Amino acid sequence: MLVLTLPDGSTREVAPGTPARDVVATIGERLLRAAIAVSVNGETLDLGTPLRTGGSFRVFTERDAESLAVLRHSGAHILATAVRRLRPDARIGFGPAIDDGFYYDFGVDKPFTPEDVEAFEAEMKKVIAEKYPFVREEIDRAEANKRFVDDPLKLERIADLGADEVISTYTDGPFIDLCRGPHVPDTSYLKHFKLLHTAGAYWRGDEKRPMLQRIYATAFWKKEDLDGYLFRIEEAKRRDHRVLGKTLDLFLFSQVSPGSAFWTERGTIIYNELTEFVRERQREHFLEIKTPLLYNKSLWETSGHWGKYRENMFLIHNKETEELDSSLKPMNCPSHYVLYSAKKHSYRELPKRFVTFDVLHRNELTGALSGLTRVRQFQQDDCHVFLMESQIAPEVQFLMDFILGYYETFGLTAKLKFATRPEVRVGDDAMWDRAEQALEAALKSTGKAYELKAGDGAFYGPKIDFDVEDSLGRAWQLGTIQLDYAAPERFDLQYTSEDNTAHRPVVIHRAVSGSFERFIAILIEHFAGAFPVWLSPEQVRVLPIADDLAPVAEEITKKMKAAGIRAHLDARSDTLNYRIREGEMMKVPYMAVVGKREAEAGTIAVRERGQGKKQEIVSVDAFIARVVDEVRTRALPLKVEAAG
RNA sequence: GCUGACGUAGCUCAAUUGGCAGAGCAGCUGAUUUGUAAUCAGCAGGUUGUGAGUUCGAUUCUCACCGUCAGCUCCA
């Protein structure tokens, strides 16, 4: 008999081979109706699966995240069912659930058209209405080869299965698929779904193998969730930094230098404000340096980049030797080590923190380039800390506070990930023990939740990654704190200790924004282009109502500029409505309207971005004081425009 | 890099089966003097991404190159 332990501690004894459904039935009638799948010892099984092992037993309903993956996986089968009906020639590949939905790969001679996809979606609705049960069957290898004789991709998969693995199939109506499961009980469970787009995908991700046609889709239990998801996709499109970058006139790209942004005078203000902000925050405890962009290959040989990273470096041709023997730097670290090594360092100087905003170049694959988020030329707020091993814990804590405080300025929250030793690594276990303990202790001391990513560390040391979530709930990996024991060896870094002997420092790599380029892309999307006042390229637009008020408006504009405000006069002879519309579309935070009444009273009518007709009559001086204060405190907009 | 789609005025987009390349916005000129999201009129704007080819004729068809976008990791 198998013994199953329920979450409340009670147990059930059942004969091996009993379907999970029968166990759920003993718990409760309502639960049985709500059940989607079960978990036995952490493995998700569907209700029809015969139980083989005992152990902890849980029932998943719609409320559990696990059952959404089950639904989506069933959605993939329903998609394949529909595709097979309309295109019997399609060979079936894989169809898993993914983070935001599911996909299915098909081998077809001609790619699917958007019309095909619409037809598939309509056909899926029929399959759902027909309410086919998902029937699991366990078969032997010979039988499996027979059943999938027309599906070469499946036969290949069967051949890869280990001798002791259970081979199972799932059938829903006319469609049978080799599948481990689990699945929802029948096709009618899929109610709210949407086919999203198609794309080519190599069979098993290998570019040497045939290209399949992948159909991406998503599904949810509730209509609201599906609608919300589709809305977020639309909202993300509306906020796309590549679109806003153009309409707000911030940056552009040109064929003459793919992957490298041209920053307009407006975008450059944002770029400079950000760097200035970082510079200001780093003034006290960091040492800003500048190092060359171009290096002989000898540096990259020392660092190891020449062997491992050359593909991604821009190499420079040497006229005399006819060789590609130098390169633009793709990272700052080696140049920082050179500068550090140029002098003897006392233990009293440590930790020593070098920071740089130097330009970096990485020769990314053309297909990888995407707006500002994946570029070939960029700047990081890059820091390398040289310190004694005993200083790791307080230093990590210091850096964490620094990074989290930075994100707070933008209303961004970060999730922390702690990545520990990977299988391939340098250094002995004792070193890794010390490093991981120091990092984890610092993490714990912040009191913040963090996720453990065992084995995900760099080969040279463990790290903490900062995943930042924007106003649409999308995660971006930005900051990082990485311990590095390998670089000090390679570069023979030293410091002189109290007893006058040479010692090896440890290096910490720290980035906060990731790159300014990518960070600005995230800010554009996060704020939907409506930047806080301190970052806005244009902070105030002054609008005289009629031409004869232009001189007064000009005086007001001058006064604002004298106070350091980025104010512009718009005295064009277009209507006020027209000029206001343009100011709103350019997301200028404040418009100061000057009419006859205001001119006489020394006031302005302030219109705040996104607040419509609501206006406020204030004195010019009071308004200037207010804007200057908002800039000084780097105040966030009253409400960051939420999705909607 | 690979697969697919796409590339037309500064921007967003049109252009039957191959037959003189258009519109809105932006720009310029003029009129209008405006009270909180588009005043009116006129003008100008292009070797249709680049280069070959097919054709009497190519934005349209073919090929190559450049670029953009979606993917190429989430395993029956």
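Every chain is numbered from 1, with letters handed out A, B, ... down the list of sequences. Heavy atoms only: backbone and side chains are in, while hydrogens, waters and symmetry mates are out. What you see is a predicted model; the values in this text were computed from it and never measured.
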B:rG18: pairing nucleotide in any strand, Watson-Crick or G-U under 3.5 angstrom: none
The side chain of A:Phe94 is closest to which nucleotide in this list: B:rC75, B:rG1, B:rU39? B:rC75
Select base, sugar-phosphate, or nothing to describe what A:Gly93 touches, counting heavy atoms under 4.0 Å on all strands. sugar-phosphate
Pick the P atom in B:rC20 and in B:rU54, then give their distance to the nearest Å. 23 Å
Using the P atom on both, measure B:rG53 against B:rU16 and round to a whole Å. 26 Å
A:Lys596 side-chain proximity, nearest of B:rG35, B:rC69, B:rU39: B:rG35
Closest of B:rG35, B:rU33, B:rA26 to the A:Asp547 side chain is B:rU33
Just the rounded figure in Å: distance from P of B:rA37 to CD of A:Gln611. 13 Å
What is the distance, to the nearest angstrom, from the CG atom on A:Leu161 to the P atom on B:rC75? 15 Å
What's A:Pro96 touching, base or sugar-phosphate or nothing? Going by heavy atoms closer than 4.0 Å. nothing
Can you tell me how far C1' in B:rG51 sits from the matching atom in B:rG10, rounded to whole Å? 26 Å
With the side chain counted from C-beta on, respond yes when A:Pro50 and A:Pro19 share a heavy-atom pair under 4.5 Å apart, and no when they do not. no
Measure from the side-chain heavy atoms of A:Ser573 and tell me the nearest of B:rU34, B:rC75, B:rU39. B:rU34
Look at all strands and tell whether A:Leu369 reaches a base, only sugar-phosphate, or nothing, counting heavy atoms closer than 4.0 Å. sugar-phosphate
Tell me: CE of A:Met586 to P of B:rA38, nearest whole Å? 17 Å
Between B:rG46 and B:rC11, how many Å separate the two P atoms, rounded to a whole number? 13 Å
Parallel, tilted or perpendicular: rings of A:His73 and A:His183 (30°, 60°): tilted
P atoms of B:rU3 and B:rC65, separation to the nearest Å: 10 Å
So A:Arg579, base contact, sugar-phosphate only, or nothing? Heavy-atom distance under 4.0 Å. nothing
Between atom OH in A:Tyr103 and atom C1' in B:rC72, what is the gap in whole Å? 10 Å
Please work out if A:Val594 contacts a base, only the sugar-phosphate, or nothing of the nucleic acid, heavy-atom cut-off 4.0 Å. nothing
For B:rU68 and B:rA52, measure between their P atoms and round to the nearest Å. 24 Å
Counting only Watson-Crick pairs (N1-N3 plus N6-O4 or O6-N4) and G-U wobbles (N1-O2, O6-N3), all under 3.5 Å, who is the partner of B:rG10? B:rC25
Heavy atoms under 4.0 Å, any strand shown: does A:Asp160 hit a base, just sugar-phosphate, or nothing? nothing
Could you check A:Thr366 against A:Met585 and say which one's nearest nucleotide on RNA chain B is further toward the 5' end? A:Thr366
Looking at A:Phe106, is its backbone amide N or carbonyl O close enough to the side chain of A:Gln213 to form a donor-acceptor pair, meaning the two atoms are under 3.5 Å apart? no
Parallel, tilted or perpendicular: which one describes the rings of A:Phe220 and A:Tyr229, with boundaries at 30° and 60°? tilted
Tell which nucleotide pairs with B:rA5, taking only Watson-Crick or G-U wobble pairs whose two distances are both under 3.5 angstrom. B:rU68
Please tell me which of A:Glu582 and A:Gly367 maps to the more 5' nucleotide of RNA chain B, matching each residue to the nucleotide holding its nearest heavy atom. A:Gly367
Out of B:rC72, B:rG67, B:rC69, which nucleotide sits closest to the side chain of A:Arg242? B:rC69
Looking only at side-chain N and O atoms, does A:Lys246 come under 4.0 Å of OP1 or OP2 in B:rU12? yes
Base, sugar-phosphate, or nothing for A:Glu598, non-hydrogen atoms under 4.0 angstrom? base
Of the nucleotides B:rG7, B:rG27, B:rC74, which one has an atom closest to the side chain of A:Gln255? B:rG7
Pick base, sugar-phosphate or nothing for A:Leu549, based on heavy-atom distances below 4.0 Å to the nucleic acid. nothing
Would you mind telling me which of B:rG67, B:rG35, B:rU34 lies closest to the side-chain atoms of A:Arg597? B:rG35
Are the side chain of A:Arg425 and the backbone N or O of A:Pro422 linked by a donor-acceptor pair below 3.5 Å? yes
Provide the Watson-Crick or G-U wobble partner of B:rC61, both distances under 3.5 Å; none if there is no partner. B:rG53
Counting Watson-Crick and G-U wobble pairs only, both distances under 3.5 Å, name the nucleotide matched with B:rU39, or none. B:rA31
Distance test, side-chain N/O of A:Tyr578 to OP1/OP2 of B:rA26, below 4.0 Å: yes
Testing B:rC74, B:rU36, B:rG67 for proximity to the side chain of A:Pro258, the answer is B:rG67
Among A:Arg238, A:Lys237, A:Arg242, which residue meets the side chain to side chain donor-acceptor pair (under 3.5 Å) test with A:Asp240? A:Arg242
On a plain distance test, is the side chain of A:Glu311 in donor-acceptor contact with the base of B:rG1 below 3.5 Å? no
Distance-minimising heavy-atom pair for A:Gly173 and A:Tyr132: CA-CD2, 3.2 Å
Quick one: A:Leu153 CG to B:rC75 C1', roughly how many Å, whole number? 13 Å
Quick note, A:Tyr216 side chain, CB onward, closest among B:rA38, B:rU34, B:rC74 is B:rC74
For the C1' atoms, the ones on B:rA14 and on B:rA23, what distance do you get once it is rounded to whole angstrom? 7 Å
Expressed as a whole number of Å, how far does the P atom of B:rC28 sit from that of B:rU50? 27 Å
Rounded off to whole Å, could you give me the CZ-to-C1' distance for the A:Phe106 and B:rG4 pair? 17 Å
Whole-Å distance, A:Trp203 CH2 to B:rG4 P, equals 20 Å
Would A:Thr81 and A:Asp172 count as a side-chain hydrogen bond (donor to acceptor under 3.5 Å, both in side chains) here? Give the steps. CA-CA 8 Å; A:Thr81 310; A:Asp172 59 300; 2.7 Å; yes
What's A:Gly101 touching, base or sugar-phosphate or nothing? Going by heavy atoms closer than 4.0 Å. nothing
Whole Å only: how far is the CD1 atom of A:Ile215 from the P atom of B:rG4? 17 Å
Relative to each other, are the rings of A:Tyr450 and A:Phe418 parallel, tilted or perpendicular (30° and 60° limits)? perpendicular
